[in-house]
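To start, the structure under review is shown below, and the notes come after it.
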Amino acid sequence: MKHYEVEILDARTKQKLSFLDKVEPNATIGEIKVMFHKNHAQWYPARQSIRLDPKGKSLRDEEILQNLPVGTTATLYFRDLGAQIGWVTVFLTEYAGPLLIYLLFYFRLPFIYGPKYAFTSSPHSVVHLAAACHSFHYIKRLLETLFVHRFSHGTMPLRNIFKNCTYYWGFAAWLAYHINHPLYTPPAYGDKQVKIAFAIFLLCQIGNFSIHVALRNLRPAGSKTRRIPFPTKNPFTWLFLVVSCPNYTYEVGSWIGFTIMTQCLPVGMFTLVGFIQMAIWANSKHRSYLKDFRDYPPLRTPIVPFIL
């Protein structure tokens, strides 16, 4: 069996960092990262980006050396991704924050609205329903993180957690402050508006969960296999017929329902910003599907059926 020699250079300086001798032809990039880590303990595998070109895309861990366009003496380029943190830790931190922050405002701690309103309760039923819906949403997210989601990437840059938490925690405080404020005014059309909005919220939450379960079932545990998602017998998954990322569609729908329910401007702003970000993610995933699967259903759009 012919073995490979792998030279790893710094992608920025072109300085030689490591030379790996007698590498098996069927060695994966993930295995090469482990070998490189033995020579450079500070760069653990999750922190490494290995590329064929200094400015190229990172190679996937499951790619096999002999299948790459390299000779038996291969030159690869390394880039440090920085300190990493696990996705599960990130999501738990992101979602636990809004859950707890919202409840601080709901229970009206003394330092929020002043001693006069400390631990008082709103006379408006919609305020209590909103607290229940908001708590349900983030408890659902926490449980899905622990028991449903299967991540294709194990980690993300540590710096991102500060940006993400600022977004989630900041918006949670802003909208909670207004919804639970002693001067909060209920929706203009009363209980009818609240009930319709609650139905939208609840149906979209069920839909979002259904999509997450369907996506989980596409990927066996411990695998990074990608397949085209299709509708199942669950009618909430039928949205896959027309969009690539119905989990985002349902997520936006939930927040639209919450916006109508509370008739609160900060909630509307959070919904709009969230939609813009999810549309960007959905477009990226949609392009990835089109690139990876030649038989990808042509009728699908990224997030909004037939439009976007």
Side-chain angles (χ1 to χ4, degrees), residues 95 97-109 112-113 116-117 119-144 167-212 234-239 242-243 245-279 282 303-308:
Y95 301 154
L99 174 64
L100 298 175
I101 288 170
Y102 191 100
L103 293 176
L104 294 179
F105 287 88
Y106 175 71
F107 290 114
R108 295 180 176 175
L109 269 64
I112 297 176
Y113 302 114
K116 179 181 177 181
Y117 297 104
F119 302 110
T120 58
S121 180
S122 173
H124 308 299
S125 60
V126 65
V127 172
H128 306 298
L129 179 61
C133 289
H134 190 274
S135 298
F136 173 81
H137 175 75
Y138 283 103
I139 290 172
K140 167 183 164 292
R141 283 192 168 191
L142 289 168
L143 293 175
E144 286 177 336
Y167 168 75
Y168 281 107
W169 295 19
F171 261 116
W174 189 32
L175 61 89
Y177 175 83
H178 288 276
I179 296 172
N180 297 289
H181 198 284
L183 300 180
Y184 170 76
T185 306
Y189 295 97
D191 287 346
K192 185 175 182 180
Q193 178 177 335
V194 171
K195 289 177 181 177
I196 292 173
F198 175 65
I200 294 171
F201 174 86
L202 188 59
L203 288 172
C204 287
Q205 287 288 286
I206 297 171
N208 180 264
F209 175 74
S210 299
I211 298 300
H212 286 160
N234 181 343
F236 285 99
T237 66
W238 295 352
L239 202 53
V242 288
V243 294
C245 301
N247 50 322
Y248 295 150
T249 310
Y250 282 124
E251 179 75 8
V252 173
S254 293
W255 286 108
I256 289 174
F258 196 74
T259 302
I260 297 170
M261 180 196 304
T262 58
Q263 198 171 297
C264 181
L265 180 60
V267 181
M269 291 295 294
F270 179 64
T271 302
L272 177 61
V273 173
F275 169 71
I276 292 171
Q277 180 60 72
M278 283 184 271
I303 187 171
V304 181
F306 312 114
I307 299 174
L308 176 65

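Note that the structure is a prediction, hence the values are computed from the model and not measured. Computed over heavy atoms, backbone and side chain alike; hydrogens, waters and symmetry mates excluded. Numbering of residues begins at 1 and proceeds along the displayed sequence.
Between Ser254 and Gln205, the shortest heavy-atom contact is OG-NE2, 2.9 Å. When all heavy atoms are compared, the tightest approach of Val243 to Pro305 is CG1-N, 3.5 Å. Looking at every heavy atom in both residues, Ala172 comes nearest to Ile101 through C-CG2, 4.3 Å.
The shortest distance between side-chain heavy atoms of Cys133 and Met261 falls below 4.5 Å. Put simply, the side chain of Val304 does not reach to within 4.5 Å of the side chain of Thr249, judged on heavy atoms. A heavy-atom distance below 4.5 Å is found between the side chains of Leu109 and Leu104. With a 4.5 Å cut-off on side-chain heavy atoms, Tyr113 and Phe105 count as touching. With a 4.5 Å cut-off on side-chain heavy atoms, Val126 and Gln193 do not count as touching. With a 4.5 Å cut-off on side-chain heavy atoms, Leu99 and Leu142 count as touching.
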Item to check | Trace of the side chain to side chain contact (heavy atoms under 4.5 Å, CB included) decision for Ser121 with His128 | outcome: CA-CA 9 Å; Ser121 180; His128 306 298; 3.2 Å; yes
Item to check | Chi angles and distances behind the side chain to side chain donor-acceptor pair (under 3.5 Å) call for Tyr106, His134 | outcome: CA-CA 11 Å; Tyr106 175 71; His134 190 274; over 6 Å; no
Checklist entry - Checking side chain to side chain contact (heavy atoms under 4.5 Å, CB included) for the pair Phe258/His137: CA distance, chi angles, key distance, verdict? => result CA-CA 11 Å; Phe258 196 74; His137 175 75; over 6 Å; no
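Atom CG in Leu239 sits 10.0 Å away from atom CD1 in Ile303 (nearest 0.5 Å). Annotation: the span from Phe107 atom CZ to Ile112 atom CD1 amounts to 11.5 Å, rounded to 0.5 Å. Rounded to the nearest 0.5 angstrom, Met278 CE and Thr271 OG1 are separated by 8.0 Å. Rounding to the nearest 0.5 Å gives a distance of 4.5 Å between CD1 of Ile276 and CG of Leu272. Atom CH2 of Trp255 and atom CZ of Phe270 lie 5.0 Å apart (nearest 0.5 Å).
No side-chain donor from either of Thr237 and Ser210 sits under 3.5 Å from a side-chain acceptor of the other.
Judged by distance alone, the side chain of Asn247 and the main-chain N or O of His212 form no donor-acceptor pair under 3.5 Å. Distance alone, capped at 3.5 Å, places no donor-acceptor pair between the Ser122 side chain and the Val127 backbone. Tyr250 contributes a side-chain N or O that, together with a main-chain N or O of Phe236, makes up a donor-acceptor pair within less than 3.5 Å.
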Report all side-chain donor-acceptor pairs from residues 178-185 shorter than 3.5 Å, counting only partners two or more places apart or in another chain.
| residue | atom | partner | partner atom | Å |
| --- | --- | --- | --- | --- |
| His178 | NE2 | Trp174 | NE1 | 3.4 |
| Asn180 | ND2 | Ala176 | O | 2.9 |
| His181 | ND1 | Leu183 | N | 3.0 |
| Tyr184 | OH | Thr262 | O | 2.6 |

Name the atoms and distances for all side-chain donor-acceptor pairs under 3.5 Å in residues 196-203, with sequence neighbours left out.
none

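The aromatic ring centroids of Phe171 and Tyr167 lie less than 6.0 Å from each other.
Between Tyr138 and Tyr95, the ring-plane angle classifies as tilted under the 30° and 60° cut-offs.
Judged as a salt bridge (Lys or Arg N to Asp or Glu O under 4.0 Å), the pairs with a partner in residues 247-266 (not counting sequence neighbours) are, in order, Arg141-Glu251.
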